[in-house]
Amino acid sequence: MLSADGKRKDWTVDGPHFAGWEIYHVKGSPADPETIYASQSSGWFGQVVQRSSDGGRTWNAVGNQFPYDGIPGTHQWYDGKPHPWEFKRVWHLEPSLDDPETVYAGVEDAALFRSADGGKTWSELSGLRNHDTGPRWQPGAGGMCLHTIVLDPSDPKRIFVAISAAGAFRSDDAGSTWKPVTRGLTSNFLPDPTAEVGHCVHRIAMHRSRPDTLFMQKHWDVMRTDDAGESWREVSGNLPTDFGFVIDVHAHEPETVYVVPIKSDSEHFPPEGKLRVFRSRTGGNEWEALTSGLPQENCYVNVLRDAMAVDSLDSCGIYFGTTGGQVYGSADAGNTWAPIVRDLPAVLSVEVQTLA
Amino acid sequence: MIRVVLPAHLRNLAQVEDEITLAIAGPVTQRSVLDALEASYPTLRGTIRDYRTQQRRPFIRFFGCSEDLSHESPDKPLPEKVADGSEPFLVVGAIAGG
């Protein structure tokens, strides 16, 4: 836990809270800043979900049973053969926008779960996994994970999710039924590059004030939609490479977007060994490199898909973590950066919570 | 009373510092010990045995009286010294990962 006052200059590092476990994701409730959920995972001991009711000072394990609804059936394995759906871990926790007791969980093998009792019990929203295309979904290199959950602040029944490597889906009925929202995406590794499913979507971000506009970092390509995913267009523009994992939107400027370009799908480090955040103030296409305070030589880390976050203070803070264990912060919307910590294990996720 | 020793990660999760003692009614087997353990410490559910199959997780091993009991039937009586509490039942995280 890294904490600072509103100036965001002097940071306190507290912990480790769950030593020896991988923390896939931590996220606080927008409805109650003191309520925070954490996904704790281990190859030895499986999945644990932790909850804090005091802003992260103390934690309690809550429910860790994620039963697939009904007989799960199969999806495709890497070799194209049917493979049974098996729960492995929770990649992403997304607390409800208005109820701190309600939280969604995106899991591997890809499925969406919901708890309405603060994480004690979990029920699958199985309309997603039971979509007609489900038996054709295949895992990406990191597993078949549901890693992105975006809730629409203007419509409590609308949810977006993204799955590697099934693509992006939208529900307009609170998760009962789903449709792929992938028109406009092109993935050259697919037999049909414009197929409805099979795209390796890495991350989707939304600004609260424009819920029909989404920005996507796909395996390759930075994409944008202005009609809630009905059609996407590429906005990679002048980026040095359009491969990457993270994407996020400025808290107060809905056309200001951030990405961290990574050299390629087989070389997961910044081009030229220079760690650069790229910012567009035009909703894509025109990007500027932000380098002040970031290493500009010999840097070969990756920035994973949930490892960037923005705060909501007047001068928007941007944060990201690396696989080399650094967490960098900027209190001026990305103009200047400084490391908050340098020597953590690989950072899987970064989230910000503003406490009173 | 049955004595159970957990690996450090699970002691932290269960919020215990030392070995655990459990009262078991009836035969002392892997299943009855783990059932009693999970009843007393619900946060351990799913971390030693898979929720769905109730099988030992792959990187967990069970030992007692210097014997590896991991592949024994979960309903086979545990060694007498474990059952009478003079030796602990050990839950061990396997050495794995390089």
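Letters A, B, ... mirror the listed sequences (proteins, then strands); counts begin at 1.
- For B:Glu80, the CD atom sits in a loose shell: 12 or fewer heavy atoms of surrounding residues, nucleotides or ligands are nearer than 6.0 Å.
- Shortest non-hydrogen contact noted between A:Asn64 and B:Arg45 is ND2-O, 2.8 Å.
- Distance check, rounded to the nearest 0.5 Å: CH2 of A:Trp21 to CG of B:Asn12 gives 9.0 Å.
- Most heavy-atom pairs under 4.5 Å with chain B, from the set A:Ser42, A:Gly43, A:Pro67: that is A:Gly43.
- For B:Ile48, no part lies under 4.5 angstrom from a heavy atom of chain A.
- Annotation: A:Lys263, atom NZ; neighbour count of heavy atoms from other residues, nucleotides and ligands within 6.0 Å does not exceed 12.
- Between B:Thr43 and A:Val48 the shortest side-chain heavy-atom distance does not fall below 4.5 Å.
- Sparse packing is recorded around CZ of B:Arg52, with 12 or fewer heavy atoms of other residues, nucleotides or ligands lying under 6.0 Å away.
- Only the side chain of B:Pro7 comes within contact range of chain A, judged by heavy atoms closer than 4.5 Å.
- From A:Trp59, atom CH2 reaches atom CG of B:Leu13 across 14.0 Å, with rounding to the nearest 0.5 Å.
- Only the side chain of B:Leu10 comes within contact range of chain A, with heavy atoms under 4.5 Å apart.
- Taking CZ of A:Phe45 as the reference point, atom CZ of B:Arg57 lies at 9.0 Å (rounded to 0.5 Å).
- Neither the backbone nor the side chain of A:Val62 comes within contact range of chain B, judged by heavy atoms closer than 4.5 Å.
- Summarising the local packing, CG of A:Asp343 is surrounded by 12 or fewer heavy atoms from other residues, nucleotides or ligands at distances under 6.0 Å.
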